[in-house]
2 protein chains.
Amino acid sequence: MAHITARVEYGIHCLLWLVDPASGQPSSRDLAELQGISPSFLAKIFPRLEKAGIVQAADGIRGGYRLAKPPSEITVLEIVDAIEGHKPLFECQEIRGRCAVFDNEPPDWATTGVCGIHAVMLRAEKAMRESLAQETLASIAAVVERKAPNSFPVEVQGWLVERVNGRTSSRSRKLPNGP
Amino acid sequence: MAHITARVEYGIHCLLWLVDPASGQPSSRDLAELQGISPSFLAKIFPRLEKAGIVQAADGIRGGYRLAKPPSEITVLEIVDAIEGHKPLFECQEIRGRCAVFDNEPPDWATTGVCGIHAVMLRAEKAMRESLAQETLASIAAVVERKAPNSFPVEVQGWLVERVNGRTSSRSRKLPNGP
DNA sequence: TTAACGCGGAGTGATACAGTCCGCGTTATG
DNA sequence: CATAACGCGGACTGTATCACTCCGCGTTAA
Ligand code: FES
Ligand code: FES
């Protein structure tokens, strides 16, 4: 698809719900079902965020995720690299050394340093990455919060907390023996 | 592979040889064999550059390509878009409307306008594209020319002209009846 | 007439993305 | 102490794109 994949969209949308500590410590399944995305797919994304130090994981029933740092210190670039692994914008094939007039033995001046075309692509990648580095989870959260009514975050936090509490309480979901 | 593909690398490296009119009007096969890349693959790239008005094609034997504009008016962004077709950096899946608390009927405030995360990606894409738009064929040619010895462009132009002339002249390549 | 050109369409193998399934060790609850 | 839900990792599937090939068509100078 695109260079920045759906994994990143899923990841950031989830992280936004972890900004407010009132959400508790939801599991990846909680966050997936809250947002109507695949739980098994989201479960492959969060370990990467954990290894990058963006999120902290808690084991066992009652386990889940919370931010490992203040949201103002988590940049979008950090998240993208954590999930996609610093994928380059352009991969040079080193065409320049294969010129027919070199006869399979390119001189040093043709292969040392970075090709002029490659350099242009690296500058474009740098511009993109600097733009992503300027945005943080906190700055996005502020924009999103401005758009939604005040009742919305409260409603979602209620949904999440209810789910987390329902994990081990008696009548949570459809039991085989009924209510 | 990467977001900006090998097609673009091939395309720009070829266009650089068209900057100097002394190269004549080489065919895509000429340019491919000069640079050790696949002729049939390069033949799929040039029609796109022609439709974008970057290059002019000439039909028939003795045909080939030449720049359609001065190299200072051909930006790298133009070339990338001509070859790849304005591929977006990020494709939003519109997660925001699928929140469980909406119950399959998202309100207007949740789906109008651009999502805050999508907006961040669009700004990054804009930064990348503006960086690419600042570079032209002429600016890259100047950098490349500075690196190579003066004899190199002359040598390549000789190689190209000889090939073009050899297309229909008598003893050009291994003929069935020999010299 | 021939040979090389540009152009378009169909097809191939490899890779990556989106998504699934399973089993492992961990941990509150009952 | 058994259970159920958790995080984690590996193997797996289907589809789309990329790099590349092959073919046939109409065009044009020798
Ligand atoms: S050799 Fe890769 S961009 Fe020039
Ligand atoms: S819904 Fe696609 S980025 Fe938010």
Side-chain angles (χ1 to χ4, degrees), chain A residues 1-11 24-33 36-51 55-66 83-85 87-88 90-91 93 95 163-170 172-173 175-176, chain B residues 1-11 24-33 36-51 55-66 83-85 87-88 90-91 93 95 163-170 172-173 175-176:
Chain A
M1 307 296 101
H3 186 247
I4 298 179
T5 66
R7 288 196 296 259
V8 173
E9 177 171 1
Y10 296 170
Q25 190 176 255
S27 72
S28 68
R29 289 164 185 81
D30 294 335
L31 291 164
E33 293 184 19
I37 62 182
S38 157
S40 26
F41 189 42
L42 192 60
K44 314 243 71 172
I45 299 172
F46 265 95
R48 298 179 184 221
L49 295 171
E50 197 258 311
K51 273 199 270 293
V55 111
Q56 272 190 349
D59 263 22
I61 191 173
R62 287 281 188 183
Y65 293 100
R66 62 184 184 277
I83 294 177
E84 320 233 284
K87 190 166 48 171
F90 171 79
E91 281 172 29
Q93 314 291 125
I95 299 301
R163 247 188 93 97
V164 171
N165 289 339
R167 275 182 203 166
T168 52
S169 76
S170 40
S172 57
R173 306 230 131 205
L175 296 171
Chain B
M1 187 157 311
H3 184 246
I4 298 180
T5 66
R7 287 196 298 260
V8 173
E9 178 171 1
Y10 296 169
Q25 190 176 256
S27 71
S28 67
R29 290 164 185 81
D30 294 335
L31 291 164
E33 293 184 19
I37 61 183
S38 156
S40 26
F41 188 43
L42 193 60
K44 314 244 71 172
I45 297 172
F46 266 95
R48 298 181 185 220
L49 295 171
E50 197 259 310
K51 274 199 271 293
V55 111
Q56 272 190 350
D59 263 20
I61 193 174
R62 287 280 190 180
Y65 293 100
R66 61 183 185 277
I83 294 177
E84 319 234 282
K87 189 165 49 169
F90 171 80
E91 282 172 29
Q93 313 293 125
I95 298 303
R163 247 189 92 97
V164 171
N165 288 340
R167 276 182 203 166
T168 52
S169 77
S170 41
S172 56
R173 303 234 135 202
L175 295 170

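Remember, predicted model here, so these are calculated numbers, not experimental data. In what follows, chains are A, B, ... by sequence order, proteins preceding strands, each numbered from 1.
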For [N] and [X] - does any side-chain N or O of the residue sit under 4.0 Å from the phosphate oxygens OP1/OP2?
X: A:R62; N: C:dT29; answer: yes
X: A:S38; N: C:dT20; answer: yes
X: A:R167; N: D:dC6; answer: yes
X: B:R29; N: C:dC5; answer: yes
X: B:R48; N: C:dC7; answer: no
X: A:Y10; N: C:dG19; answer: yes
X: B:S28; N: C:dG6; answer: yes
X: B:K51; N: C:dG8; answer: yes

Position toward the 5' end of DNA chain D (nearest nucleotide), B:E84 or B:P39: B:E84
Do B:K44 and C:dG9 share a donor-acceptor pair, side chain to base, under 3.5 Å?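 Present.
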B:Q93 vs B:S27, nearer the 5' end of DNA chain C by closest nucleotide: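 The answer here is B:S27.
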Under 4.0 Å, heavy atoms only, any strand: does A:A58 hit a base, just the sugar-phosphate, or nothing? sugar-phosphate
NA contact type, A:S40, heavy-atom cut-off 4.0 Å: base, sugar-phosphate, or nothing?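 Base: the residue A:S40, judged by heavy atoms under 4.0 Å, touches a nucleobase.
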Separation of C:dG6 atom P from B:L31 atom CG, nearest Å, is 9 Å
